[in-house]
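Structure incoming, see below.
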Amino acid sequence: MPFAQPSLPSPSSIQEEKEPENELPQDLGEFLSSLPKDNGWILPHLYQYQGFWHSPNYFRGLHACQQHFQPLDTDIILITNPKSGTTWLKALVYACVNRVKYPPNSQNHPLLTSVPHDLIPFLELELYNELNHLPDLSSIASPRVFSTHLPYVSLPNSVKDSQCKVVYLCRNPKDTFVSLWHFCNKLRNENLGTLLLEEAFDLFCRGVCDSGPYWDHVLSYWQASLEMPSRVCFVKYEELQENPFFHVKKLADFLGYSFSLEEEKIKVVDEILKLCCFENLRNLEVNRTGRLSRIGVCENRAFFRQGKVGDWVKYLTPEMSDRFDQITKQKFEGSGLHF
Ligand code: A3P
C-alpha cells in the first residue's frame, strides 16, 4: 500500500520548498524530519522514502502523482534513473508515435523547436509538482506520453493496475554516475560549492542520489519487465547506441506503432534516428540556448553533454571501477541482468 507510514502532508499544503529545510512549511518539514536524511547532490539534503532517496522538492509531486494520476490504457510511460538517456528516449518515442502527424523529415517537426522534455513532461517533477494545482490531462491527444523517475515501489497503483505501456531505459552505472555528477554540479546550489567526484562516488555507492539506489531502481523494473513483458519493455542505452535501428523498431512494435514495410522502404526509421541523434539534437538552437519551460532553472543544454558509451574511463580510477563492478555483481546476481 503506498504511503502507509509515515504519511505525507497533502499536496496543497506543501509550499515552495526549494529553500533550506529550516524554511520549509511546517507539515512538510515535520514529515521530512521523520525520514532518514543524507547529503544531497543539488540541494543540501536528500531524504529516504520507501527505500529511495529524493530531494525535498520531489515530495509534493511524488505524493500528488500517487494520489491523483489516472492513466489511460493507451498511455505510454517512460521511466528512467536520472541521466540514463531520458532525453533521447523521449525524442525517439515522440517521433515514433507522432510520425503520421509529423513526418520525421518535416521542416516544422516539434523536436526542431522544443526540447524533448517539453514535449513529454515528467509526472512528478512537472505536471504534479505545481503548488495548489492538479493538472488537467483530459485534453491531451492520444497517445499521451509521460515520463517519471519514480522507483517501482513508489509508482502509483493506478499505473501498476492499468494496461498502459511502460518503457524503462537503463544505462550502465558508471556512465550514469559520471553523467549525474556533471549534471548536478551544473545545477548545484552555489552555497554548497562543487561536489567532488570522490564524495559523489561515495554517495552513489551507498545509494544516496536522486531516485537512488541506482541498482534497486533498475532491478525492480527489470523484474517487472520479466513478469509483465507485454506491459514493461526494458531497454539498455548501450544497446540502443549499438543498434538503434533494431531497437527503435522493437520499441515501436512494443508500443503498438510498428513500422510498415512501406515506411521502412522510404526510410522512416532512419529519418527518426537522424532527427533524434545526439549531434542533431544538441546543435539545435532550442537545445543550445533554451530553458525547460516548466523547470526554468534548468538549461536545455545541460541534457546534452557527450552522449557516449564508456566516457566513465576518463573519470573513474581502476579502484572505483572495481567497486562499481562488485556492487553491480552483488546486486544483480541471479537476476539475469548484465551490462
Ligand atoms: P552524458 O552526460 O554521458 O553525455 P538524461 O536524458 O536521462 O538526463 O541523460 C542525459 C545523458 O544522455 C547525457 O549523457 C546526454 O549527453 C545523453 N544524451 C542526451 N541526448 C542524447 C541522444 N540524443 N543520444 C544519446 N545520448 C543522449
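In listed order, ligands and their atoms are each counted from 1. Worth knowing before you read on, the calculation uses all heavy atoms, side chains too, and leaves out hydrogens, waters and symmetry mates. Predicted model, so just to flag it, every value in this text is computed and none were measured.
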By salt bridge (charged side-chain N to carboxylate O under 4.0 Å, His left out) - contacts of E227 (at least two apart):
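Listed in chain order: nothing, the list is empty.
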
Which pairs would a plain distance check flag for residues 332-339, meaning a side-chain donor or acceptor within less than 3.5 Å of a matching protein atom at least two apart in sequence or in another chain?
residue	atom	partner	partner atom	Å
S335	OG	F332	O	2.6
S335	OG	L337	N	3.1

Rounded to the nearest 0.5 Å, how far does CG of D270 lie from CG of L275?
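If we round to the nearest 0.5 Å, L275:CG and D270:CG are 12.5 Å apart.
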
If the test is side chain to side chain contact (heavy atoms under 4.5 Å, CB included), which one of L125, L62, D210 qualifies with H149?
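Answer after filtering L125, L62, D210: L125.
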
Can H182 and Y315 be counted as having a side-chain donor-acceptor contact under 3.5 angstrom?
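Result is yes, a qualifying pair exists.
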
Proximal protein residues to ligand 1, non-hydrogen atoms under 4.0 angstrom
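If the criterion is a heavy atom under 4.0 Å, then ligand 1 touches K83, S84, G85, T86, T87, W88, R171, S179, Y237, Q241, C276, C277, F278, L281, F303, F304, R305, Q306, G307.
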
Can you list the residues that meet the side chain to side chain donor-acceptor pair (under 3.5 Å) rule with K174, with sequence neighbours excluded?
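K174 satisfies side chain to side chain donor-acceptor pair (under 3.5 Å) with S321, D325 once adjacent residues are dropped.
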
